[in-house]
Amino acid sequence: MTLFSPAELRTLLARPLTDAECELAHGLTEDAFFGEVGERLTDPPQRGVKSVAVMVAARLLTNPGGLRSEQAGGMLQSYADSENGVALSTDERRRLRRAVGMASGASSLSIAPEDVAPPMTLWRAQ
């Protein structure tokens with residue numbers, strides 16, 4: 001599956017990347033996506049997936065350790081708790097889940113038997 005091309009990643013980062021760097025970033029991004037949405041990710045990917053994928057890969061290559069802030073005097077460094085490596089941010093997770101048709105927020109579930117439950121119509125913004 002191709003989430004983005006090496007040329008797209010190189011263009012976004014505006015710097016040269018080796019083929020190995022592009023391949024690693026793509027593989028880790030794809031793995032993170034499958035971990036989040038599983039087999040709902042199609043080949044070719046749904047609209048909206050590429051923009052999230054290329055941003056995740058770019059972040060991975062520019063800030064692989066998840067450094068959040070750094071101070072020179074006194075050498076203070078702060079790292080994002082869960083964003084080391086390829087962990088998806090809340091916004092990336094929401095956008096990815098929406099792109100593959102998964103709910104990204106709270107929802108309700110009716111456990112009433114079918115013959116008792118009122119008919120439900122799902123509304124989805126187009």
### Task
Decide if atom CZ of Arg15 counts as having more than 12 heavy atoms of other residues, nucleotides or ligands within a radius under 6.0 Å.
yes
### Query
Taking side chain as C-beta onward, heavy atoms only, is Val56 less than 4.5 Å from Arg59?
yes
#### Entry: side-chain contact (heavy atoms from CB on, under 4.5 Å) against Ser5, all qualifying residues, sequence neighbours excluded
Ala7, Glu8
### Task
Would you list the pairs meeting ring pair (Phe, Tyr, Trp, His ring centres under 6.0 Å) in which at least one residue belongs to residues 11-41, sequence neighbours left out?
Phe4-His26
#### Entry: From CG (Leu88) to CZ (Arg94), nearest 0.5 Å
12.5 Å
### Task
Taking the side chain as every heavy atom from C-beta outward, state whether Leu28 and Leu24 have any pair of such atoms under 4.5 Å apart.
yes
### Task
Starting at CD of Glu36, measure out to CE of Met102 and round the result to the nearest 0.5 Å.
7.0 Å
### Message
Minimum heavy-atom separation for Gly48 and Ala99, please, with both atom names.
### Response
C-CB, 4.1 Å
### Message
For Ala58 versus Leu13, what's the shortest heavy-atom pair and its separation?
### Response
CB-CD2, 3.6 Å
### Rounded distance [0.5 Å steps], OG in Ser51 versus CG in Leu3
11.0 Å
### Query
Just wondering, do Thr42 and Val100 contact through their side chains at under 4.5 Å, heavy atoms?
no
### Task
Report the C-alpha separation of Leu61 and Leu9 in whole Å, then their side-chain angles, then the decisive distance to 0.1 Å, and conclude whether the side chain to side chain contact (heavy atoms under 4.5 Å, CB included) test is met.
CA-CA 10 Å; Leu61 291 173; Leu9 186 56; 3.6 Å; yes
### Query
Quick one: does Arg10's side chain get under 4.5 Å of Pro16's, heavy atoms only?
no
### Note, Asp91 side chain near Arg95 side chain (heavy atom, < 4.5 Å)
yes
### Query
Quick one: does Leu12's side chain get under 4.5 Å of Met55's, heavy atoms only?
yes
### Sequence-distant partners of Glu23, side chain to side chain donor-acceptor pair (under 3.5 Å), two or more places apart
none
